[in-house]
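Encoded as structure tokens, the structure appears first; notes follow it.
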Amino acid sequence: DQQVKQNSPSLSVQEGRISILNCDYTNSMFDYFLWYKKYPAEGPTFLISISSIKDKNEDGRFTVFLNKSAKHLSLHIVPSQPGDSAVYFCAAIRYNQGGKLIFGQGTELSVKP
Amino acid sequence: DAGVIQSPRHEVTEMGQEVTLRCKPISGHNSLFWYRQTMMRGLELLIYFNNNVPIDDSGMPEDRFSAKMPNASFSTLKIQPSEPRDSAVYFCASSPTPTNTEAFFGQGTRLTVV
């Protein structure tokens, strides 16, 4: 039972353009959503998060949007840079479950110069 | 702080052998998580501990998998006997509190069972 889904395994974008990574979830009880970034041979690192009571959170070039009615969130990267090339994981959490993160399958972003 | 430290970085073993993966969480972090990364399911949570106590092991795939946390600075994930389908990257992560949203990951152990 995959509660968090990233249906696009890969995405290719030109440098300077916008990258949009999508994530869907099935459990309406999730309290918080996070995006992690992962480079090859490294562990995932936290990128940005959003509370379920908000619909947008922005941090520099990164913005996360949450649509609760559609159970959908997205990560926008503007402008995209070659150094953004990595695998991006969407994750969700419920506070009463001790903080354990439920991850999606990941989307590999390639930003071409 | 050195971050979450995992060892070994790479492990190649023969089917049927016992494998032990090790993790040292960030000092002061009370929660520890073991994840497995596969192409099909992404990052799967196997088990997590809070204050050295296993809270949820529902993600452990089979009885061949076991995890321990004898103290606040060390945890192990053991697979016995190992099988080729266990080949994956195993990550350990730690978090300051059980309700903290952000977890900090180690660099992972790439396990290959031949």
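All chains are named by letter (A, B, ...) in the order of the sequence lines, taking the proteins before the strands, and each is independently numbered beginning at 1. Just so you know, these numbers come straight off a predicted model, no measurement behind them.
Within 6.0 Å of the CZ atom in B:Arg110, the count of heavy atoms belonging to other residues, nucleotides or ligands does not exceed 12. Summarising the local packing, CG of B:Asp63 is surrounded by 12 or fewer heavy atoms from other residues, nucleotides or ligands at distances under 6.0 Å.
With ring centers used as reference points, A:Phe103 lies under 6.0 Å from B:Tyr35. A ring-centre distance under 6.0 Å is not found for B:Phe105 and A:Phe46.
Note on A:Val13: it clusters hydrophobically with A:Ile48, by side-chain heavy-atom contacts below 4.5 Å among ILVMFWY residues. Linking ILVMFWY residues whenever their side-chain heavy atoms come closer than 4.5 Å, directly or via other members, leaves B:Leu46 and A:Ile102 in distinct clusters. Residues A:Ile20 and A:Phe62 are members of separate hydrophobic clusters, defined by side-chain heavy-atom contacts under 4.5 angstrom among Ile, Leu, Val, Met, Phe, Trp and Tyr. Clustering ILVMFWY residues whenever any of their side-chain heavy atoms sit less than 4.5 angstrom apart, transitively, puts A:Ile50 in the very cluster that holds A:Tyr88. B:Met60 and B:Phe33 sit in two unconnected hydrophobic clusters of ILVMFWY residues. Membership requires side-chain heavy atoms under 4.5 Å apart, directly or through other members.
Looking at A:Phe89 and B:Leu43, their side chains come closer than 4.5 Å, going by heavy atoms from C-beta outward. Considering only heavy atoms from C-beta on, B:Glu102 stays 4.5 Å or farther from A:Tyr32 through its side chain.
Distance CG/A:Leu101 to CG/B:Leu45: 8.5 Å, rounded to 0.5 Å. The OG atom of B:Ser58 sits 4.5 Å away from atom NZ of A:Lys100, with the distance rounded to the nearest 0.5 Å.
Interface remark: B:Glu44 contributes no atoms to any contact with chain A (heavy atom separation under 4.5 Å). A:Lys38 touches chain B through its side chain: at least one heavy atom from C-beta onward sits under 4.5 Å away, while N, CA, C and O do not.
Taking A:Gly106, A:Ala91, A:Gly43 one by one and counting their heavy-atom pairs under 4.5 Å with chain B, the maximum is reached by A:Gly43.
Checking side-chain atoms of B:Arg9 against main-chain N and O of A:Ala41 turns up a donor-acceptor pair under 3.5 Å.
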